[in-house]
S.K.: 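For reference, the structure I am asking about is given below.
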Amino acid sequence: MEWHACLDEYEKLVIRMTTPRVVIDNAVCPTATLVKVDSARRDGILLDAVQVLTDLNLSIKKAYISSDGQWFMDVFHVTDLNGNKLTDESVISYIEQTSFPDRSHEFDGSTALELTGTDRVGLLSEVFAVLADLQCDVVDAKVWTHNGRIASLISVKDCNSGSPINDSQQIDRIESRLRNILRGDNDIHSAKTSVSLAITHTERRLHQMMFADRDYGRKPVLQCREDSPVVTVQNWAERGYSVMNVQCKDRAKLLFDVVCTLTDMQYVVFHATINTAEDKAYMEFYVRHTDGTPISSEAERQRVVQCLRAAVERRASHGVRLELCTSDRQGLLANVTRTFRENGLNVTRAEISTTNDIARNVFYVTDAIGNVADPKIIETVREKIGLGELKVKELPLIYHEREEKAVGVGGAVYSLGSLVRKNLYNLGLLIKSYS
């Protein structure tokens, strides 16, 4: 009996150590809710924690991350999208009880299509037209574009049966026709289409698809903007870390995008400090490879800089945000995107969803060369699609261009670095200057 009792206590200890402990604190900070996470360190635990908060549409204003040794300790300062502290008890309870489950999931009752290729005006219109012609009903879709490339995950069902498309010949026809469209006249080798039965988190998969497509190394189609991310990477040889600094415009899901990219590039974050000030974000990461080594070459350093810039830029919203809310019907997306194309509008990002036969779609559109679309053209498109169905939505405040330029960015980054160094100093890791 005593032996079994010892085993029971041991199992309880193992469960307690391997299950993250989450504490919500609404009292300490007057402007944000603190989410404290600690557990035994394992691969991907930081990404899991950030993903849970991101999927709840929470904004991470600050974060302090430490996972040296075998223990993981994080503090996130979060608000809702309106900048308020968390008050919804169901959301608070969900966060407290989450155990960060596996990130992969199967599509429920649909077939998932993965597409990558060269972006061009009207491409999305052609894709949705082909799917409509092949009797495919689009249930959900996410489309990203970056540096002249496009990546999309599209979830479809058979229009007639409402069931997933399992017929291998039909799948072959869908893949073949979509591949021909994606290839166009000059993308014979890099255009790809495939069917996925189970994927990682949808937005993580989009990052993986664009990374595999090497969008980060391609020449930007749009001219360099003043708010383009600034990324620096240096080694701190004495402690064996690579130190990565990212300065950019703040936006929703920013930290997820950066951590996701670092994780998929096989880097482990040991320490980090994230801070936001007005519409700016400052992030500093102390990382190593999964094998425990820092960055070892100039070529690798340059690649990391490119990939982190791409991680920030892929989801950045360029153009006018249009929201479509209407009853779902066959060929809806093909008709809407054809109207965009006929009026010279290019879709830079899209989120498609269908719930209870209601289509709720978001499109970001520019003119054909990436400039702000003419308001008159936008109104013409709305009149053709339906003024009550297609509406122009203002971008969140953090997307608006500030009239005055930010002052003292370098100083802010220096302060952030100093803060991390102070935190590590308190942990007994005295930092000397490095280059």
Side-chain angles (χ1 to χ4, degrees), residues 81 115 117-129 132 138 141-152 154 181-182 184 206 210 215 218-229 248-254 279 310 312-326 331-353 359-403:
L81 292 181
L115 315 177
T118 300
D119 186 31
R120 65 178 184 274
V121 177
L123 175 60
L124 209 55
S125 168
E126 296 177 48
V127 168
F128 288 136
V138 177
K142 288 195 175 182
V143 181
W144 287 1
T145 62
H146 181 244
N147 283 357
R149 307 298 294 173
I150 186 171
S152 179
I154 304 176
I181 289 174
L182 290 167
L206 284 169
M210 300 208 92
D215 68 313
R218 299 177 186 269
K219 185 177 180 180
V221 174
L222 301 178
Q223 292 183 350
C224 183
R225 297 161 53 94
E226 289 185 1
D227 60 358
S228 294
C248 62
K249 201 167 189 178
D250 190 25
R251 60 166 174 78
K253 303 185 179 183
L254 176 62
D279 66 344
V312 172
E313 293 171 345
R314 287 170 189 148
R315 202 199 295 264
S317 303
H318 301 297
V320 178
R321 177 186 172 113
L322 300 177
E323 293 188 6
L324 176 70
C325 182
T326 185
L332 172 65
L333 287 171
N335 292 333
V336 169
T337 52
R338 184 184 68 246
T339 303
F340 290 163
R341 182 194 67 203
E342 290 172 347
N343 287 273
L345 297 181
N346 186 42
V347 178
T348 61
R349 188 159 71 91
E351 295 184 8
I352 312 299
S353 63
R360 300 182 185 278
N361 306 330
V362 177
F363 304 95
Y364 291 88
V365 298
T366 66
D367 70 7
I369 59 175
N371 296 322
V372 177
D374 188 332
K376 294 181 180 178
I377 293 178
I378 296 292
E379 285 307 302
T380 298
V381 168
R382 291 186 62 221
E383 289 172 0
K384 291 182 178 180
I385 295 175
L387 293 174
E389 297 180 348
L390 185 66
K391 297 183 178 180
V392 178
K393 292 294 183 178
E394 290 293 330
L395 293 173
L397 182 60
I398 60 173
Y399 288 101
H400 289 178
E401 294 290 341
R402 294 177 58 82
E403 294 181 359

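These numbers come from the heavy atoms of this one structure, side chains and all, not from hydrogens, waters or symmetry mates.
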S.K.: Enter the distance from Leu124:CG to Thr348:OG1 here, rounded to the nearest 0.5 Å.
M.R.: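 Interatomic distance, Leu124 CG to Thr348 OG1, rounded to 0.5 Å: 10.5 Å.
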S.K.: Which residues satisfy the side chain to side chain donor-acceptor pair (under 3.5 Å) test with Thr339, sequence neighbours excluded?
M.R.: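 Expected list: none.
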S.K.: To the nearest 0.5 angstrom, please state how far the CE atom of Met210 sits from the CD1 atom of Ile150.
M.R.: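 Interatomic distance, Met210 CE to Ile150 CD1, rounded to 0.5 Å: 8.0 Å.
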S.K.: Could you check Arg218, Glu313, Arg314 and say which one makes a side chain to side chain donor-acceptor pair (under 3.5 Å) with His146?
M.R.: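 Exactly one candidate clears the test, Glu313.
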S.K.: Calculate, to the nearest 0.5 Å, the distance between atoms CZ and NZ belonging to Arg349 and Lys142 respectively.
M.R.: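 Separation between the atoms: 8.5 Å.
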S.K.: Go through the structure and list residues passing side chain to side chain donor-acceptor pair (under 3.5 Å) with Thr380, not counting sequence neighbours.
M.R.: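 Result, side chain to side chain donor-acceptor pair (under 3.5 Å) vs Thr380: none returned.
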S.K.: What distance separates Leu115 CG from Ile154 CD1, expressed to the nearest 0.5 Å?
M.R.: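 Rounded to the nearest 0.5 Å, the CG-CD1 separation comes out at 4.5 Å.
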S.K.: Just to verify, what does Glu342 make a salt bridge (Lys or Arg N to Asp or Glu O under 4.0 Å) with, not counting sequence neighbours?
M.R.: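 Residues passing salt bridge (Lys or Arg N to Asp or Glu O under 4.0 Å) with Glu342: Arg338.
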S.K.: Is there a side-chain contact between Lys219 and Asn147 in this structure, where contact means two heavy atoms from C-beta onward sitting under 4.5 Å apart?
M.R.: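 No, their side chains stay 4.5 Å or more apart.
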S.K.: Mind checking the CG-CG spacing from Asp250 to Asp279? Nearest 0.5 Å is all I need.
M.R.: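 Rounded to the nearest 0.5 Å, the CG-CG separation comes to 7.5 Å.
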S.K.: Is it true that Arg382 and Glu379 make a salt bridge, defined as a side-chain N closer than 4.0 Å to a carboxylate O?
M.R.: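 Salt bridge present between Arg382 and Glu379.
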S.K.: Out of Val336, Leu123, Thr337, which one pairs with Phe128 under the side chain to side chain contact (heavy atoms under 4.5 Å, CB included) rule?
M.R.: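 The passing option is Thr337.
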S.K.: Run Asp367 and Val372 through side chain to side chain contact (heavy atoms under 4.5 Å, CB included) and show every step you take.
M.R.: CA-CA 6 Å; Asp367 70 7; Val372 177; over 6 Å; no
S.K.: Any chance you could lay out the side chain to side chain contact (heavy atoms under 4.5 Å, CB included) test for His318 and Tyr364, step after step, and finish with the verdict?
M.R.: CA-CA 7 Å; His318 301 297; Tyr364 291 88; over 6 Å; no
S.K.: List the residues meeting side chain to side chain donor-acceptor pair (under 3.5 Å) with Asp119, not counting sequence neighbours, and say none if there are none.
M.R.: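 Partners of Asp119 under the side chain to side chain donor-acceptor pair (under 3.5 Å) test: none.
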S.K.: Identify the heavy atoms of Ala334 and Ala132 that sit nearest to each other, and give their distance.
M.R.: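 What the structure gives for the nearest pair is CB-CB, 4.5 Å.
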S.K.: Hey, are the side chains of Val127 and Ser152 touching, using non-hydrogen atoms and a 4.5 Å cut-off?
M.R.: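 A side-chain contact under 4.5 Å is absent here.
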S.K.: Could you state the interatomic distance from CG (Leu324) to CG (Leu332), rounded to the nearest 0.5 Å?
M.R.: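 It is 5.5 Å, given to the nearest 0.5 Å.
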S.K.: Can you list everything that forms a ring-ring contact (aromatic ring centres under 6.0 Å, His included) with Phe363? Sequence neighbours excluded, please.
M.R.: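 Phe340.
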S.K.: Can you give me the closest heavy-atom contact between Cys325 and Arg360, atom names plus distance?
M.R.: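 Closest heavy-atom pair between Cys325 and Arg360: SG-NH1, 3.3 Å.
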S.K.: Take Val362 and Lys393 through the test side chain to side chain contact (heavy atoms under 4.5 Å, CB included) and record every step on the way to the result.
M.R.: CA-CA 10 Å; Val362 177; Lys393 292 294 183 178; over 6 Å; no
S.K.: Taking the side chain as every heavy atom from C-beta outward, state whether Thr366 and Asn371 have any pair of such atoms under 4.5 Å apart.
M.R.: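 Contact flag for Thr366/Asn371 side chains = no.
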S.K.: Test side chain to side chain contact (heavy atoms under 4.5 Å, CB included) on Arg149 and Thr118; report intermediate values, then the result.
M.R.: CA-CA 5 Å; Arg149 307 298 294 173; Thr118 300; 2.6 Å; yes
S.K.: Under 3.5 Å, is there a donor-acceptor pair between the side chain of Asp374 and the main chain of Lys376?
M.R.: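 Confirmed, Asp374 side chain pairs with Lys376 backbone.
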S.K.: Taking only residues two or more places apart in sequence, or in another chain, which ones meet Glu126 in a salt bridge (Lys or Arg N to Asp or Glu O under 4.0 Å)?
M.R.: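 For Glu126 the salt bridge (Lys or Arg N to Asp or Glu O under 4.0 Å) partners, ignoring immediate neighbours, are Arg120.
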